[in-house]
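Step one of this worksheet: look at the structure below.
In what follows, chains carry the letters A, B, and so on, assigned in the order in which the sequence lines appear, proteins first and then strands, with residues in each chain numbered from 1.
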There are 2 protein chains.
Amino acid sequence: MKRVTLKDVALEAGVSINTASRALNNKPEISPETKEKVLKVAQSLGYRPNRLARALRSNKTGTIGVIVGDIANPYFSMLVRGIERTARQFDYSVILQGTDEDYDREEEAIEIALAEQVDGILITPTQKGTDTIEELVASGTPFVLMSRYFKELDTDYVVMDDRRGGFLATEHLIQRGHRRIAILNGPLHISSAIERYEGYLQAFKRYGLDPDKALVAEGCLTVEDGYRAALCLLDGPERPTAVFAFSDFVAFGVLRAANELDLRVPDDLAVVGFDDTLFGVCMRPPLTTVGGSPEGLGEQAARLLFDRVDRGQTDPVKLRLPVRLVQRKST
Amino acid sequence: MKRVTLKDVALEAGVSINTASRALNNKPEISPETKEKVLKVAQSLGYRPNRLARALRSNKTGTIGVIVGDIANPYFSMLVRGIERTARQFDYSVILQGTDEDYDREEEAIEIALAEQVDGILITPTQKGTDTIEELVASGTPFVLMSRYFKELDTDYVVMDDRRGGFLATEHLIQRGHRRIAILNGPLHISSAIERYEGYLQAFKRYGLDPDKALVAEGCLTVEDGYRAALCLLDGPERPTAVFAFSDFVAFGVLRAANELDLRVPDDLAVVGFDDTLFGVCMRPPLTTVGGSPEGLGEQAARLLFDRVDRGQTDPVKLRLPVRLVQRKST
DNA sequence: CTATAATCTGACAACGTTAACGGGAAGGTT
DNA sequence: AACCTTCCCGTTAACGTTGTCAGATTATAG
């Protein structure tokens, strides 16, 4: 079960190793006949180039590091799906890591990715600090931030239009007559949480209303977080009539809480999610949400990264993908 | 931004490259003083070993290939999550690929993984054929099948106790008084689908009942599949009173269909899923399901693989993880 | 004080590939 | 015929690491 190397091919074809290499790499300095001969031999011997050796020599591994907050979160799953599909098209492999939104883990993940000598990195930063990303900058490895960005750092990123999304969701609820609109937001060090909150406030302002600080919760990232926060928020006497959740993932937790508290959605409580993941439509009632396309975002980020890897440094590209309200039955 | 190599460290420390290597790899043949000196220099220079070179030399890449049916399916997401977490503990990196349950894509994925010279492979085979897996056997690269296995192939695998799961789900429905129990099964070339079906039949037999062939659908893998199949099945005059779905993913589609047809769950239609993914509890009503632990399965498979990688070939290990009925409100 | 063992270290080769360089042959031009 | 080009091809040297071996130094024993 020994591996077939270039040497074997060269020997068999009666040429030098280098010529064999040239034939297989479509280099111009080779006659058509020898090229064909080498290719035939390579084919018959079942030659597969050793990517390690190639990578060592050429300083290109053909892999990218993908670092996301939580692999089990459907938003990230779809993101990764889009990335993986795109990476395959470009002949790159994906090395996946999850951070569980932990800063130390993020640092470790970046170090591992750099140690693997990936050609580029796609990351949804935890945003609990900038050191990790600055390390990334210092490393010289191309990278693209996904879904979140740093105002203070001049890097490539692909995010959704979170402010507009927050506005659309809130406006929609206001137009439906809601006034006590809670927001179960993500942690406020995350840009998307900040901007969605800004959109939320903006909608209130636009309609001449005052938001109630007591209805603002932050730090929700998971189903569990959403569930707990909702239980807490819905327990009080002055409970909200509507909830804008940071993500579908969080909204699912809210729906669970509503279920358990026997609140009818949307009559007793309206709910809006974010991301338009696969399951919103399966909820009862189907979840109104703000849609971007996570897969599309992954694809765009990957394309941007590959462009960076090939073409080298240019001015940072900052993409803000459009969102729209996907109205279903939960509002 | 040039990379620090062993040579640099050696030069700075005034020793040979080899000695530096020994110091950093905890080899015994080195004096404590020089070792400390080298380590200090390495630290101060920020030396990071080049994994490519190491891999090339030692034939160990420290990576494993993970190939699953669909990255966006929460079952697989959780599986991958468990794998990634475990791999990190063992200092392995994960190269992820999705096949979308396509056989050609599976073949390609395996070839890519082998080309990347991964130390091992974790795969949920599409089971549309055995060529791909036989290629894997021939390659000599250790691998472990996850969630599905081939009766005719003597390989390592980690699966759930699908037959028992199918039995438990069906028995539960029978005990609740259901007789017209549909099964929205996965494709019958998949072992888990076959065995769940066997469990389904077994339960009918045990209770002296006859299943209705008209209530058996197969080929459902996604939310969409479940939705369509359910619409079709629930449209007829003699519709089932209960549905056993191949997975939570499929069950979500069923719930969606029930929603749209205005069927009350569980009164008009009882639904049981499989896998106990994160969202079952958020459904309305909360989904009764058969629980294994996808993350746990991933972890076990990874551990088994690493054991294989380290210790080499032994008798195939075949694990069948226990399942239990997680009863909620959908039945 | 010598022989021998034990300990540490460095030179060298190798892993499989690609890049740089140079040389030989063929053909065309003066 | 001498020269230059052009086109192929092979030799050599890397990439950064680890394993093998032999040599050097010191310690130990006789």
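For the salt bridge (Lys or Arg N to Asp or Glu O under 4.0 Å) condition, the pairs that include at least one residue of residues 85-99 of chain B, sequence neighbours left out, are B:E84-B:R88, B:R85-B:E295, B:R85-B:E299. Each salt bridge (Lys or Arg N to Asp or Glu O under 4.0 Å) pair with one or both residues in residues 50-62 of chain B, not counting sequence neighbours, appears once here: A:E116-B:R51.
With sequence neighbours excluded, no residue forms a ring-ring contact (aromatic ring centres under 6.0 Å, His included) with A:F143. Take A:D100 and apply the salt bridge (charged side-chain N to carboxylate O under 4.0 Å, His left out) test, not counting sequence neighbours, and it matches B:R81. Not counting sequence neighbours, the partners of B:F90 by the ring-ring contact (aromatic ring centres under 6.0 Å, His included) test are B:F306. With sequence neighbours left out, the ring-ring contact (aromatic ring centres under 6.0 Å, His included) criterion links B:Y157 to B:Y149. With sequence neighbours excluded, no residue forms a ring-ring contact (aromatic ring centres under 6.0 Å, His included) with A:Y75. Residues passing the salt bridge (charged side-chain N to carboxylate O under 4.0 Å, His left out) test with A:D307 are A:R311, sequence neighbours excluded.
Using a 4.0 Å cut-off, some side-chain N or O of A:T19 falls inside it from OP1 or OP2 of D:dG10.
Using a 4.0 Å cut-off on heavy atoms, none of the residues of residues 34-44 of chain B approach DNA chain D.
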Show me the side-chain donor-acceptor pairs of residues 18-25 of chain B shorter than 3.5 Å, one per line, residues at least two apart or across chains.
residue, atom, partner, partner atom, Å
B:T19, OG1, B:S16, OG, 3.0

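Across the helix from C:dC1-D:dG30 to C:dT30-D:dA1, the helix axis at one end is tilted relative to the axis at the other end by 60° (nearest 10 degrees, each axis from five pairs).
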Check the interface with nucleotides 15-22 of chain D: list each N/O to N/O pair with the protein under 3.5 Å, or write none.
residue, atom, partner, partner atom, Å
D:dG16, N2, B:A53, O, 3.4
D:dT17, OP1, B:Y47, OH, 2.4
D:dT17, OP1, B:N50, N, 3.1
D:dT17, OP2, B:L6, N, 2.5
D:dT18, OP1, B:N25, ND2, 2.9
D:dT18, OP1, B:R54, NE, 3.4
D:dT18, OP2, B:S21, OG, 2.8
D:dT18, O2, B:R57, NH1, 2.5
D:dG19, OP2, B:K27, NZ, 2.8
D:dG19, O6, B:N18, ND2, 2.2
D:dT20, O4, B:N18, ND2, 3.2

